[in-house]
Amino acid sequence: MTNFSPSRKTKRSLRHHWADQYAQQLIARSGEEAIRCAAGISPSGTVHIGNFREIITVDLVYRALQQQGRAARFLLFWDDYDALRKVPSPVKESSMSRYLRMPLAKIPPLHNSKAESYAQENEMEVEKIMPQLGIHPQYIYQHQRYNQTKYAPYIYEALKRRKIIRQILNQYRHEPLNENWWPVTVFSRASGTDRTTIVGWDGKRRLRYRCHESGEEEEIDIFRSSLVKLQWRIDWPARWAKEGIDFEPAGKDHHSPGGSFDTAREIVQQVYGTTAPLSLRYDFIGIKGLEGKMSSSTGATISIHDLLQIYQPPVVRYLFAATRPHVEFFLSFDEDVIKIYEDYDRCERIYFGLEKVGEERHAKERRIYELSQIEGASASMPPQLPFRHLCNLIQIYNGDLEQALDSQLLYTTATEQEQATLMQRAYCAHHWLQIYAPPQ
């Protein structure tokens, strides 16, 4: 991302956006080292726009930190050492059922021959598209961390203090965990799955487990073996402690009373001796006509790629920059698409002073527009072709985008970069007309 020195107007508008407010809190509580912002996504299926809300939320705060002059890092953790718990509904049951309870990074790819695993197949789709949205995180693959036994000391501390962890978790459970509960799971060397039972631990290095499928028992060294994995509610605080995370948002289910964030905050303090990162609760995203919460496992998803077929990248960023994270909102693929483009264009005109509003509104819209841009705002107002007008032109010229645009003086006199942006909008309008537009 292009760094810039905030103008006087920008400095005045910093107090108006939630991302800047969180950035200021992080600056106030941090030392001189780079502030570490994190997102964590499980590549158990299509990475949908519900997952993307976490990514863009982190990116907006990360940008705000940089624009306020603080060194920051954006770490995106791929939780690809999680076990496959359910076959995603778009996938044939027979093709993946044999991989249930195996790590996502150990499952063969379904479609992409260039990918090394099913997890990487889903990860690559996201990593390819993120630069289009101006998002450039450092990707961290949890299967690599575990294979390199980076979490071994944290596994040891969890085993050593498993009674404390059990007490923390039991505070929020209707059915208490029994005394044979362990904070880790083991992937069987024989079956490759986590269908195992821990038999015992010597209090130091040696952990013994039994494989349910083979019936065999094996003793492993927790400091050398990659077969041991922390359970989710312990894995999260262990990652905070190891990676020194300062900021990580989470969905409202994780932030519910007694949810995983509450337990992780206590575990990171009592087991790992550090504090939880600053966090915020983001709400779910809905799609008109799609009931319920989006889920990779159920197949009820809209991917980031699907979104970019309808909305230009700055408009995608605008949707999230203009909405506070804790507010649930619905992405529309119907005629509301026209209004969203009109709102974005109005924001752009306000930014460049072509549409007059009050001082407070101007400061707010200005900051939203800055955070919506891919690599920073241009020096002058770019040409605007209203989305509604484009739809009419495309229909007049029977879907010929070049002819439709060439009919407009605004397009023929634009720079090459401006023409590319207008063509991108025309493509989105054409796709919307073909797939989603109502009959009228």
Side-chain angles (χ1 to χ4, degrees), residues 33-44 54 58 72-84 102-107 116-120 122-124 126-127 137-162 164-165 182-189 192-194 196 198 201-209 218-248 250 260 263-265 267-277:
E33 293 184 2
I35 295 172
R36 295 188 170 202
C37 306
I41 307 294
S42 176
S44 58
E54 178 161 328
V58 177
R73 295 176 64 191
F74 179 0
L75 309 177
L76 199 162
F77 291 88
W78 285 118
D79 291 319
D80 51 11
Y81 208 54
D82 289 354
L84 179 69
M102 288 180 63
L104 296 169
K106 297 289 183 71
I107 300 170
E116 294 180 2
S117 67
Y118 172 70
Q120 190 183 66
N122 293 317
E123 293 162 359
M124 287 170 66
V126 175
E127 293 176 16
Q138 175 187 347
Y139 296 102
I140 296 178
Y141 308 92
Q142 287 297 83
H143 81 278
Q144 293 180 354
R145 286 286 202 264
Y146 274 100
N147 286 342
Q148 296 163 0
T149 64
K150 298 290 187 182
Y151 288 107
Y154 301 89
I155 290 170
Y156 171 77
E157 292 300 327
L159 289 169
K160 183 179 175 182
R161 294 174 171 83
R162 71 184 178 111
I164 294 173
I165 295 173
W182 295 87
V184 300
T185 187
V186 180
F187 290 108
S188 166
R189 196 184 308 277
T193 74
D194 65 356
T196 57
I198 296 173
W201 178 53
D202 69 356
K204 297 178 181 178
R205 306 178 67 101
R206 313 301 296 183
L207 187 73
R208 192 168 189 85
Y209 75 93
E218 182 186 17
E219 191 173 80
I220 53 177
D221 185 333
I222 62 171
F223 286 93
R224 296 194 177 198
S225 175
S226 63
L227 299 177
V228 187
K229 183 188 182 298
L230 289 162
Q231 292 200 28
W232 156 242
R233 285 188 181 240
I234 302 92
D235 180 277
W236 201 17
R239 183 164 74 198
W240 291 345
K242 184 193 181 307
E243 310 293 347
I245 303 303
D246 299 297
F247 172 73
E248 184 170 1
S260 53
T263 56
R265 179 167 46 200
I267 290 168
V268 80
Q269 291 173 344
Q270 297 187 42
V271 177
Y272 298 119
T274 187
T275 56

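Just so you know, these numbers use all the heavy atoms, side chains as well, and skip hydrogens, waters and symmetry mates.
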Identify every side-chain donor-acceptor pair in residues 268-277 under 3.5 Å, counting partners at least two apart or on other chains, and give the distances.
residue : atom : partner : partner atom : Å
Tyr272  : OH   : Tyr154  : O            : 2.8

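Between the side chains of Gln120 and Tyr141, no donor-acceptor pair is found at a separation under 3.5 Å.
Evaluation of the ring pair (Phe, Tyr, Trp, His ring centres under 6.0 Å) rule for Tyr209 yields no partner, not counting sequence neighbours. Scanning for side chain to side chain donor-acceptor pair (under 3.5 Å) contacts around Glu219 gives Arg206, with sequence neighbours left out. With sequence neighbours left out, the side chain to side chain donor-acceptor pair (under 3.5 Å) criterion links Asn122 to no other residue. The side chain to side chain donor-acceptor pair (under 3.5 Å) search around Tyr81 returns none, not counting sequence neighbours. Trp240 pairs by the side chain to side chain donor-acceptor pair (under 3.5 Å) definition with Glu248, not counting sequence neighbours.
Shown here is Glu116, whose CD atom has no more than 12 heavy atoms of other residues, nucleotides or ligands within 6.0 Å.
The backbone N or O of Arg205 sits less than 3.5 Å from a side-chain atom of Asp202, completing a donor-acceptor pair. Using a distance-only test at 3.5 Å, with no hydrogens or angles considered, a donor-acceptor pair links the side chain of Asp80 to the main chain of His143. Checking side-chain atoms of Glu54 against main-chain N and O of Gly40 turns up a donor-acceptor pair under 3.5 Å.
Closest approach of Lys204 and Phe223 over heavy atoms only: O-CE1, 4.1 Å. Closest approach of Ile267 to Arg233, counting heavy atoms only: CD1-O, 3.6 Å. Contact record, Ala158 with Ile165: O-CD1, 3.7 Å, taken as the closest heavy-atom pair.
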